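In what follows, a single structure is set out as structure tokens and then discussed.
No hydrogens, no waters, no symmetry mates; every other heavy atom, side chains included, goes into these values. The model shown is predicted, which means the values in this text are computed figures rather than measured ones.
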Amino acid sequence: MKQWLERLEQRHGVDLLTLRARQWVLASFGLLLIMMLLRGFMVQDAAFSWRPMAVFVLPLILFLPSIIGRRPRGHAWLAFVSLLYFSQGVMVATLPTQTLRGVTEAVLSLALFTGCMAFARFRSRQLRAQG
């Protein structure tokens with residue numbers, strides 16, 4: 001795997017791979033955030049409350065400074081947090097009427113995990129080459 005990544009870096013360049021990984025992170029993060037907002041609204045009862053929404057959305061929102069600041073370590077931690085959404089999506093997918101929603105959540109969180117890990121690797125290599 002390490003050799004494959006090094007060949008990929010030589011073929012395409014670290015700058016391009018960092019840019020593609022960042023685009024992947026932004027897209028999957030945004031879609032997962034929208035999905036969690038919708039899920040928070042679905043959990044609501046008759047009276048509107050921020051608590052269900054905060055439970056689903058707050059862990060993602062806490063990583064916005066790392067995403068905006070393009071910090072590799074923050075992206076690595078976000079990758080690990082995305083695994084919680086993956087396990088939640090797998091559990092929801094086992095419910096008879098929620099299969100599509102659960103599979104979508106699992107796929108989006110897996111895409112976020114992959115993008116974050118790639119960005120953390122390529123961005124740290126890019127920063128190491130700059131200074």
Side-chain angles (χ1 to χ4, degrees):
M1 181 71 152
K2 184 178 178 182
Q3 294 171 353
W4 178 77
L5 284 170
E6 288 173 356
R7 283 194 310 263
L8 190 67
E9 290 171 4
Q10 290 173 354
R11 188 176 326 132
H12 297 288
V14 177
D15 293 335
L16 179 64
L17 292 173
T18 304
L19 176 66
R20 297 284 186 232
R22 178 159 173 77
Q23 292 169 343
W24 190 261
V25 167
L26 291 175
S28 57
F29 180 83
L31 290 172
L32 188 62
L33 187 63
I34 290 169
M35 184 172 188
M36 291 299 106
L37 283 170
L38 292 174
R39 186 162 184 199
F41 281 123
M42 287 182 194
V43 173
Q44 301 287 338
D45 53 355
F48 181 77
S49 173
W50 287 99
R51 288 185 198 123
M53 181 129 8
V55 168
F56 293 119
V57 174
L58 190 60
L60 291 174
I61 296 294
L62 291 175
F63 286 97
L64 269 177
S66 292
I67 290 175
I68 293 169
R70 299 178 183 190
R71 293 190 292 257
R73 184 173 289 196
H75 280 77
W77 278 104
L78 177 57
F80 296 126
V81 169
S82 73
L83 294 177
L84 297 172
Y85 289 97
F86 176 77
S87 60
Q88 176 180 308
V90 169
M91 287 190 305
V92 169
T94 62
L95 300 172
T97 60
Q98 303 295 321
T99 303
L100 182 62
R101 190 173 76 182
V103 168
T104 304
E105 183 178 344
V107 167
L108 285 175
S109 62
L110 193 58
L112 182 60
F113 174 82
T114 306
C116 283
M117 292 307 288
F119 182 82
R121 176 187 171 89
F122 298 136
R123 179 67 176 161
S124 49
R125 292 219 176 204
Q126 186 182 44
L127 290 174
R128 197 174 311 135
Q130 289 175 354

Ignoring hydrogens, what is the shortest heavy-atom contact between [X] and [Y]? Give both atom names and the distance.
X      : Y      : answer
Ser124 : Pro72  : N-CG, 4.0 Å
Ala79  : Met117 : CB-SD, 3.5 Å
Ala106 : Ser109 : O-OG, 2.9 Å
Gln126 : Thr18  : OE1-CG2, 3.5 Å
Cys116 : Leu78  : SG-CD2, 3.6 Å
Leu37  : Val57  : CD2-CG2, 3.7 Å

Next item on the list: Would you mind listing the cluster partners of Ile68? Hydrophobic ones only (ILVMFWY), side-chain contacts under 4.5 Å, chaining allowed.
Entry: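 In the cluster with Ile68 there is nothing else; it is isolated.
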Next item on the list: Share the residues that join Leu62 in a hydrophobic cluster, the rule being Ile, Leu, Val, Met, Phe, Trp or Tyr side chains under 4.5 Å apart at the heavy-atom level.
Entry: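 Members other than Leu62 - counting any ILVMFWY side chain reachable under 4.5 Å - are Leu58.
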Say whether [X] and [Y] are linked into one hydrophobic cluster, either directly or through other cluster members, by side-chain heavy-atom distances under 4.5 angstrom.
X      : Y      : result
Leu26  : Leu108 : yes
Leu110 : Val25  : no
Val92  : Leu32  : no
Ile61  : Tyr85  : yes
Val55  : Met36  : no

Notebook entry, point to check: Do we see a donor-acceptor contact under 3.5 Å between the side chains of Gln10 and Arg7?
Noted result: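 Side chains of Gln10 and Arg7: no pair found under 3.5 Å.
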Rounded distance (nearest 0.5 Å) linking atom [atom1] of [X] with atom [atom2] of [Y]:
X     : Y      : atom1 : atom2 : answer
Arg39 : Glu105 : CZ    : CD    : 5.0 Å
Leu60 : Ile34  : CG    : CD1   : 11.5 Å
Arg11 : Leu17  : CZ    : CG    : 9.5 Å
Gln98 : Thr104 : CD    : OG1   : 11.0 Å

Is any side-chain heavy atom of [X] less than 4.5 Å from a side-chain heavy atom of [Y]?
X     : Y      : answer
Leu19 : Asp15  : no
Arg73 : Ser66  : no
Arg70 : Phe119 : yes

Checklist line | Arg22 side chain vs Ile67 backbone, donor-acceptor pair below 3.5 Å | finding: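 Yes, because the side chain of Arg22 sits within donor-acceptor range (under 3.5 Å) of the backbone of Ile67.
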Note to self: Would Phe29 and Leu64 count as a side chain to side chain contact (heavy atoms under 4.5 Å, CB included) here? Give the steps.
What the structure shows: CA-CA 10 Å; Phe29 180 83; Leu64 269 177; 3.7 Å; yes
Next item on the list: Quick one: do Phe122 and Arg20 satisfy side chain to side chain contact (heavy atoms under 4.5 Å, CB included)? Show the steps, please.
Entry: CA-CA 10 Å; Phe122 298 136; Arg20 297 284 186 232; over 6 Å; no
Checklist line | Whether over 12 other heavy atoms sit under 6.0 Å from Gln130 CD | finding: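 Above 12, so yes.
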